[in-house]
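Positions are given from 1 along the sequence.
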Amino acid sequence: MKTTTLCKYTLLLFCLSQSWGLQAQEVKLTLNITAGSLGYYLGDQKNLVTDLTLTGSIQGFDINVIREMEKLTKLNIAGVNIVPGGFFYLGREIYIIKDQIPRGMFFGLGNLTSVILPNSITAIENQAFQDCSSLTSITIPSGVSVIDTLTFSNCTKLTTFTIPNSVTKIQDYAFWGCTALTSMTIPSTVTTFGNSVFSLCSGLTQINVAATNPILSSVDGVLFNKAQTKLIAYPNSKSSVYTIPSTVTSIDNYAFESCTGLGSVTIGNNVTSLGEGAFYNCTGLTSLSIGTGLTSIGTNAFYNCYSLGTIVIPNNVKFIGLDAFGYCSGLTNLDMGTGITSIDIYAFTYCTSLTSLIIPRSVTSIGGWAFSYCTGLTNIHCKALTPPSITSTTFTSVDKNVCKLYVPIGTSSKYRSATGWSSFSSINEEGTSIQENSIDIKVYASQGVITIENATPEDVIFVYDVMGSLVETAQGTNNIITIYVQRNHIYIVKIAGKTFKVAP
């Protein structure tokens, strides 16, 4: 009775202040309640309170009331026990587990700026704070062991966050889109770490890990597994130039997603696995060096990296996945190496600046829409003696009346009768025949000049420095080709599937 009287008296004073015309900016209220009674205490005044402190116990119906408080910005429930009973509605009925912040408890409450959680809770369930776009401060109790999927996703004003030492699990996308976070520290207790935990944290410059953590480590603010063989996450706002350490053999899914300030990356020869979306939406990436250890380039690996002008794919790569280089609209030079056998659907869709395409002899299949909307293509040189299988959509929106198709000597009739290839108006034979051309390409250098003999017009010449960076490209001709470079340097020349080392 004492609590009820106090509550009604507090609200009465507030109502009188409103009737007297006082313009209160902040309305604070402290209540000690029993589970299920918050709606009774607040009545129709629930939309006036901005700062609420609760003690006692709450259940599902109380959470529903909190979610309906239109002006609530600050909530302190440190002294509350969450108990089973009642439910709140978020697309479906959400029921309560003792001492857990339930799924979606604060989902979409865009006015909340600070929350102090109950000291008694042990877990925060998925999407609990998702889209709390005004949240700047939150206190996580020391007993919490789990931060679940999407728990704090899109909390765009959350500037600092401390993960307590009690946490053992951080699940997928837990801090996705927390754009104001600049650094995070993962304690030694975390033994389960999900996928894309810090994706789209565009302000993040450092991810630190306690030295005693058994599964994770960090080097210069970049997140790795303990052995530093897997690169897990690169902070979105870290440096613009990065060389992946030689210990790394795999790059995790979406590890560099939306690192828009990353301009140059070098993937070493020890990297054999590139995860899905590894460099997804790295729109500032202009320089890319891929080591020789890679065998496949997976789904969305370099999707929308529209600043990339040159892509050189190592000879060991056998497969290019769905949308791997989709929307790389700045791409002008593409070297697909000599080992690719399969190109998946949409692999190079909307590479609108690509004018010339060389398809290696090793390719046997190209998926639908793989080169769709590559509207700049004027010539395609397919080296395969047997037409690779394609569909009627593989080259959608490529003008097949303008774009010329070049095929090996003695194979044009096969291409003219093959599905998809037959739609090209101009199919021409060139280069080596089925019996192979016996003329050898010669590359030699002297006095700062690289000289190339016997290159054919369909050959594209790539010159690299010893670090693997592209120095120069040139188109083959029937004449001797000269390329001017710095003296006393070592260069690698790639042409027609052959590699030459020279030192002019």
Discussion item. Using the rule given for side chain to side chain donor-acceptor pair (under 3.5 Å), can you reason through N165 versus T189, listing the C-alpha separation, both sets of side-chain angles and the distance that settles it, and then say yes or no?
Written reply: CA-CA 6 Å; N165 289 330; T189 50; 5.1 Å; no

Worksheet item: Is it true that atom NZ of K442 has more than 12 heavy atoms of other residues, nucleotides or ligands lying nearer than 6.0 Å?
Response: no

Practice prompt. List the steps and the verdict of side chain to side chain contact (heavy atoms under 4.5 Å, CB included) for F198 and L181.
Written response: CA-CA 10 Å; F198 300 115; L181 285 176; 5.6 Å; no

Worksheet item: For the side chain of K383 and the backbone of I358, is there at least one donor-acceptor N/O pair under 3.5 Å apart?
Response: no

Fill in: Side-chain heavy atoms of I311 within contact of F302, under 4.5 Å
no

Item to complete: Work out which heavy atom in S188 is nearest to a heavy atom in A210; give both atom names and the distance.
Response: N-CB, 3.5 Å

Worksheet item: Quick check: does any side chain N or O of K400 sit under 3.5 Å from a backbone N or O of F395, one acting as donor and the other as acceptor?
Response: yes

Discussion item. Does any part of the side chain of V167, heavy atoms only, come nearer than 4.5 Å to the side chain of S145, both counted from C-beta?
Written reply: no

Fill in: R103 backbone acceptor or donor facing E125 side chain under 3.5 Å
yes

Discussion item. I'd like to know if the side chain of N236 pairs up with that of S202 as donor and acceptor (distance under 3.5 Å, no hydrogens or angles considered).
Written reply: no

Item to complete: Just do the ring-ring contact (aromatic ring centres under 6.0 Å, His included) check on F424 and Y415 with the steps written out, would you?
Response: CA-CA 9 Å; F424 285 87; Y415 279 85; 9.5 Å; no

Worksheet item: How long is the span from the OG atom in S389 to the CH2 atom in W421, to the nearest 0.5 Å?
Response: 10.0 Å

Discussion item. If I compare all heavy atoms of E429 with all of S412, which pair ends up nearest, and what's the gap?
Written reply: OE2-OG, 2.7 Å

Item to complete: Measure up the Y242 and F256 rings against each other and bin them: parallel (under 30°), tilted (30 to 60°), perpendicular (over 60°).
Response: tilted

Worksheet entry | Parallel, tilted or perpendicular: ring planes of Y491 versus H489, cut at 30 and 60 degrees | tilted

Practice prompt. Taking the side chain as every heavy atom from C-beta outward, state whether L357 and L377 have any pair of such atoms under 4.5 Å apart.
Written response: yes

Practice prompt. Give the C-alpha distance, both sets of side-chain angles, the deciding distance and a yes or no for side chain to side chain contact (heavy atoms under 4.5 Å, CB included) between I297 and V317.
Written response: CA-CA 7 Å; I297 298 176; V317 172; 4.3 Å; yes

Worksheet item: Do the side chain of S166 and the main chain of V144 share a donor and acceptor less than 3.5 angstrom apart?
Response: yes

Practice prompt. Give me the one residue out of Y346, Y373, Y350 that meets ring pair (Phe, Tyr, Trp, His ring centres under 6.0 Å) with Y327.
Written response: Y350

Item to complete: Taking T394 for its side chain and G367 for its backbone only, find out whether a donor-acceptor pair lies under 3.5 Å.
Response: yes

Worksheet item: Does G203 offer a backbone N or O that forms a donor-acceptor pair with the side chain of T182 under 3.5 Å?
Response: no

Item to complete: Supply the atom-to-atom distance N428 CG to H381 NE2, rounded to the nearest 0.5 angstrom.
Response: 9.5 Å

Discussion item. Given 3.5 Å as the limit, does a donor-acceptor pair link the side chain of T391 with the main chain of T393, or not?
Written reply: yes

Worksheet, complete the sentence: All heavy atoms of F152 vs all of I140, minimum pair found to be CZ-CD1, 3.9 Å

Practice prompt. I would like to know whether T338 and N315 meet side chain to side chain donor-acceptor pair (under 3.5 Å); could you show each step before the answer?
Written response: CA-CA 5 Å; T338 60; N315 294 338; 3.3 Å; yes

Discussion item. Nearest 0.5 Å, please: how far is CD1 in I390 from OG in S423?
Written reply: 6.5 Å

Fill in: Nearest non-hydrogen partners of L274 and A301, listed with the distance
CD2-CB, 4.1 Å

Worksheet entry | L288 vs I267 side-chain heavy atoms within contact, under 4.5 Å | yes

Response to the item:
Exactly one of V407, I427, I359 clears side-chain contact (heavy atoms from CB on, under 4.5 Å) with I380, and that residue is I359

Item to complete: First locate atom OG1 of T299, then atom CG of D323, and finally report the distance between them rounded to the nearest 0.5 Å.
Response: 8.0 Å

Practice prompt. Flag the pair T272 / T295 as yes when at least one side-chain heavy-atom distance between them is below 4.5 Å, and no otherwise.
Written response: no

Discussion item. I'd like to know if the side chain of T349 and the backbone of S372 have a donor-acceptor N/O pair within less than 3.5 Å.
Written reply: yes

Worksheet item: Below 4.5 Å, heavy atoms only, C-beta onward: do F500 and I450 meet side chain to side chain?
Response: no

Practice prompt. Considering non-hydrogen atoms only, spot the tightest contact between N208 and G221 and give its length.
Written response: OD1-CA, 4.5 Å

Practice prompt. Ignoring hydrogens and angles, state whether a donor on the side chain of S239 or Y234 is under 3.5 Å from an acceptor on the partner side chain.
Written response: yes

Discussion item. Show, in sequence, the C-alpha distance, side-chain angles and deciding distance for I147 and F161, and conclude whether the side chain to side chain contact (heavy atoms under 4.5 Å, CB included) test is met.
Written reply: CA-CA 12 Å; I147 297 177; F161 190 93; 4.2 Å; yes

Practice prompt. Please step through side chain to side chain contact (heavy atoms under 4.5 Å, CB included) for the pair D252 and I232, ending with a clear verdict.
Written response: CA-CA 5 Å; D252 212 357; I232 297 172; 3.9 Å; yes

Practice prompt. Give a yes or no on this: more than 12 heavy atoms of other residues, nucleotides or ligands lie within 6.0 Å of atom CZ of F107.
Written response: yes

Fill in: Approximate separation, where rounding is to 0.5 Å, of L216 CG and L223 CG
5.5 Å

Discussion item. Ignoring hydrogens, what is the shortest heavy-atom contact between A503 and I490? Give both atom names and the distance.
Written reply: CB-CG1, 4.3 Å

Discussion item. A side-chain contact here means heavy atoms from C-beta on lying under 4.5 Å apart; do I320 and F348 qualify?
Written reply: yes

Practice prompt. For K169, look at atom NZ and say whether over 12 heavy atoms of other residues, nucleotides or ligands are found less than 6.0 Å away.
Written response: no

Item to complete: Would you check, one step at a time, whether the test side chain to side chain donor-acceptor pair (under 3.5 Å) holds for N379 with S356?
Response: CA-CA 5 Å; N379 61 86; S356 180; 2.7 Å; yes

Worksheet item: Is there a donor-acceptor contact under 3.5 Å from the side chain of S422 to the main chain of T419?
Response: no

Discussion item. Can a side-chain donor-acceptor contact be found between Y484 and E472 if the only test is distance below 3.5 angstrom?
Written reply: no

Practice prompt. Report the C-alpha distance between K238 and D220 in whole Å, list the side-chain angles of each, state the deciding distance to 0.1 Å, and finish with yes or no for salt bridge (Lys or Arg N to Asp or Glu O under 4.0 Å).
Written response: CA-CA 10 Å; K238 197 172 165 54; D220 194 25; 3.3 Å; yes

Worksheet entry | From I94 atom CD1 to Q127 atom CD, the distance as rounded to the nearest 0.5 Å | 9.0 Å

Worksheet item: Does D172 use its side chain to pair, donor to acceptor, with the backbone of N195 at less than 3.5 Å?
Response: yes

Discussion item. What I'd like to find out is whether the side chain of T283 reaches to under 4.5 Å of the side chain of N281, using heavy atoms alone.
Written reply: yes

